[in-house]
Amino acid sequence: MTASAAFRRPRVVARLLVAVPLLAAGALTGPPAAHAAVADGVRINEVVTTGDVNDSIELYNKGTTAVDVSGWVLKDDDKDHTYKIASGTTLAPGSYRAFDVSGKFGLGSADVARLYLADGTTQVDGFSWSEHSSPSWSRCPDGTGAFEQAATVTLGGPNNCGTGGEEGGSTTPAAWPGSGSVTTADGSNVFGQDLSGLYQEGGVLWGAQNSGRLWRLVRDGSGGWKPDTSGGWSSGKTLRFPGGSGTPDGEGVTLTGAGSAGGAFVATERDGNASGTSRLSVLKYDVSGSGSSLTAAKEWNLTSDLPSTGSNLGFEGITWIPDTALTGAGFRDASTGAAYDPARYGSHSGGVFFVGVEGTGMIYGYVLADSGSYTRIASFSSGMSGVMELQWEPQASRLWAGCDDTCDGQHRTLKIDTTGVFTTAGVFNRPSGMPNYNNEGFSLAGADECVAGTKPVYWADDSNDGGHALRRGTVTC
């Protein structure tokens, strides 16, 4: 737990699990009655008291109008422990916002989370419990249901309430949708450890390595990949933050519709030269040159916009989805509560970047403006305890989320449902022929490689098991 030990209460052992809502939905203590109309839609929706995520309280607006929560106050069971919500904070209809309260107070094993209007005395909502979250106390359904112990932390997005998926009809994992056979796809000890994110661009496979390195791989003639020996890529290229400083802990890589000519986008969770501090950023690199290192042309530092997590539990996956795919599916913009309108955001990449968080399993969608600004327009759970890779598969209009050996190599697909949000469509075990490797990267071939109903897929093994970091399998087209 990263909250200050001074705030931490001792864990209760051998005690009956009890969670008690303090107020009926919509109830407020104290006058005037007009407060009810203002706050009726805002509820405490999730509480995290232990684990890899700092003590946090999430609010959800279940109403139909936006609510300005500037100056509202969060408290635990001590009236003198207060967290004041920053000025300018608004909750759009159907939106979620998590607040890291660990700097003001700690949430104990038997404690209370309370929400007050800006006067500090008019209570809007409250929730009490007698055991730590394991890992999350979540309302099911969001905003209206009772609190229960959910399997995953979903701060900033819909709670993981165990809903089924359209392909499998259930969150019970199905067999891998392809061959169970997996083969190595690289030479012996080419990369060593820490190869992470993958992205296939036709005859090129891009690979991000945690040690601050980007690889450009080409086909080796036998179904695998080898480093490109031209353009200074033979040993990969060293990555730097803007200005040429630092060592980005590159965990994921993706391209936009412009391909590599439009730059490579790398998700990083920290600077390796300051490994104890989170730096959740998306970095853009021009990969057309011949030098041995790459300095980021642009950085979108998203750290302050997201719930706190461990410095080595941040961004692990990134993928880009075209605006046309999102608008065509009726995707809903969580920042406005309305259908996503790309024109609202001016000049940007022509799509939305989705990033996955290892420590929480959450996925966030961002419009990254060419100016360097950003807007978060989506927050949702992968349904897994962690996300190590994200890949958009345009042919099937689905988002793949992969987990490593922490989740026994589980993969999930998500699709945009009739309400305009991403929900689980399929849950799959790893191929039967692949041991439980520490796979942090996953990439799918394009439709042009589909033969007899299947196409290649590739995994990057961060641990380089058996001296190999890349493996090849298949998936149904």
Side-chain angles (χ1 to χ4, degrees), residues 21 25-26 36-48 56-70 72 74 85-86 88-99 113 115 124-125 127 136-148 150 152-166 305-307 321 323 326-342 344-345 352 354-355 357 360-367 374-383 399 414-425:
V38 174
D40 185 59
V42 180
R43 290 289 170 267
I44 294 174
N45 198 55
E46 184 175 8
V47 178
V48 176
S56 299
I57 299 172
E58 176 195 80
L59 302 183
Y60 171 66
N61 183 0
K62 68 183 182 65
T64 57
T65 58
V67 178
D68 184 352
V69 294
S70 300
W72 289 26
L74 294 166
I85 296 175
T89 305
T90 300
L91 281 174
S95 67
Y96 306 78
R97 185 67 180 262
F99 301 93
L115 173 66
V124 177
D125 196 16
F127 164 62
S136 165
W137 282 113
S138 299
R139 277 194 192 272
C140 292
D142 291 289
T144 59
F147 278 89
E148 63 182 53
T152 57
V153 175
T154 59
L155 293 172
N159 289 336
N160 183 13
C161 296
T163 55
E166 66 181 71
D305 190 58
L306 294 167
I321 303 179
D323 286 337
L326 296 171
T327 56
F331 179 66
R332 180 167 62 86
D333 184 337
S335 72
T336 64
Y340 172 55
D341 178 11
R344 176 185 178 87
Y345 298 102
V352 176
F354 288 79
V355 288
V357 178
T360 64
M362 285 295 293
I363 300 170
Y364 300 95
Y366 281 93
V367 177
Y374 59 82
T375 304
R376 173 153 51 105
I377 67 168
S379 306
F380 53 95
S381 172
S382 67
L399 175 64
L414 302 99
K415 289 189 173 183
I416 299 172
D417 67 12
T418 55
T419 69
V421 299
F422 276 99
T423 56
T424 299

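We count residues from 1, following the sequence as given.
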Asks: Kindly give the heavy-atom pair with the smallest separation between P93 and G63, and that separation in Å.
Replies: CB-O, 3.4 Å
Asks: Would you call F422 and S381 a side-chain contact if the rule is heavy atoms closer than 4.5 Å?
Replies: no
Asks: Assess the residue pair L59 and I85 against the criterion (side chain to side chain contact (heavy atoms under 4.5 Å, CB included)); give the C-alpha distance rounded to whole Å, side-chain angles, the decisive distance to 0.1 Å, and a yes or no.
Replies: CA-CA 11 Å; L59 302 183; I85 296 175; 4.0 Å; yes
Asks: Mark yes or no for whether E46, through its side chain, and S136, through its backbone, hold a donor-acceptor pair below 3.5 Å.
Replies: no
Asks: Do W72 and V42 have side chains that approach each other closer than 4.5 Å (heavy atoms only, starting at C-beta)?
Replies: yes
Asks: Would R376 and L306 satisfy side chain to side chain contact (heavy atoms under 4.5 Å, CB included), going step by step from the backbone distance to the final call?
Replies: CA-CA 10 Å; R376 173 153 51 105; L306 294 167; 4.1 Å; yes
Asks: Check for a donor-acceptor pair, side chain of D333 on one end and backbone N or O of G337 on the other, with a separation under 3.5 Å.
Replies: no
Asks: Just by distance, do the side chain of S95 and the backbone of S335 share a donor-acceptor pair under 3.5 Å?
Replies: no
Asks: Supply the atom-to-atom distance I363 CD1 to F380 CZ, rounded to the nearest 0.5 angstrom.
Replies: 4.5 Å
Asks: Using a 3.5 Å distance criterion without hydrogens, assess whether the side chain of D142 forms a donor-acceptor pair with backbone atoms of N159.
Replies: yes
Asks: With no hydrogens and no angle check, do the side chains of N160 and T152 hold a donor and an acceptor under 3.5 Å apart?
Replies: yes
Asks: Using every non-hydrogen atom in the two residues, find where T89 and R97 come nearest and quote the distance to one decimal.
Replies: CG2-NH1, 3.8 Å
Asks: Could you report the tightest heavy-atom contact between G156 and A98, atom names first, then the distance?
Replies: N-CB, 4.1 Å
Asks: Side-chain contact, heavy-atom cut-off 4.5 Å: P158 with Y96?
Replies: yes
Asks: Just how far is it from atom CG of L414 to atom OG1 of T424, taken to the nearest 0.5 Å?
Replies: 4.5 Å
Asks: Taking atom CZ of F147 and atom CZ of F127, what is their separation to the nearest 0.5 Å?
Replies: 5.0 Å
Asks: Kindly compute the distance separating CG (D305) from OH (Y374), expressed to the nearest 0.5 Å.
Replies: 4.5 Å
Asks: Walk me through whether D125 and R139 qualify under salt bridge (charged side-chain N to carboxylate O under 4.0 Å, His left out).
Replies: CA-CA 13 Å; D125 196 16; R139 277 194 192 272; 3.0 Å; yes
Asks: Drop me the distance from I377's CD1 to T336's OG1, to the nearest 0.5 angstrom.
Replies: 8.5 Å
Asks: Minimum heavy-atom separation for S70 to G88, with atom names?
Replies: OG-N, 2.8 Å
Asks: Has T90 got a side-chain atom pairing as donor or acceptor with D68's backbone, closer than 3.5 angstrom?
Replies: no
Asks: Ignoring hydrogens and angles, tell me if any N or O in the side chain of N61 forms a donor-acceptor pair with the backbone of T65 under 3.5 Å.
Replies: yes
Asks: Any chance you could lay out the side chain to side chain contact (heavy atoms under 4.5 Å, CB included) test for T360 and T154, step after step, and finish with the verdict?
Replies: CA-CA 7 Å; T360 64; T154 59; over 6 Å; no
Asks: Return yes if a side-chain donor-acceptor contact under 3.5 Å exists between Y340 and D323, otherwise no.
Replies: yes
Asks: Grab the two heavy atoms, one from Y364 and one from S379, that are nearest each other, plus how far apart they are.
Replies: CD2-OG, 3.4 Å
Asks: Could you tell me which non-hydrogen atom of K415 sits nearest to which non-hydrogen atom of A425, and how far apart they are?
Replies: CG-CB, 4.0 Å
Asks: Under 6.0 Å between ring centres, would you say that holds for F354 and Y366?
Replies: no
Asks: Between OG1 of T423 and CG of L399, what distance do you get to the nearest 0.5 Å?
Replies: 11.0 Å
Asks: Evaluate S382 against M362 for side chain to side chain contact (heavy atoms under 4.5 Å, CB included), listing each step before the verdict.
Replies: CA-CA 6 Å; S382 67; M362 285 295 293; over 6 Å; no
Asks: For the residue pair E148 and S138, confirm or rule out a side-chain donor-acceptor distance under 3.5 Å.
Replies: no
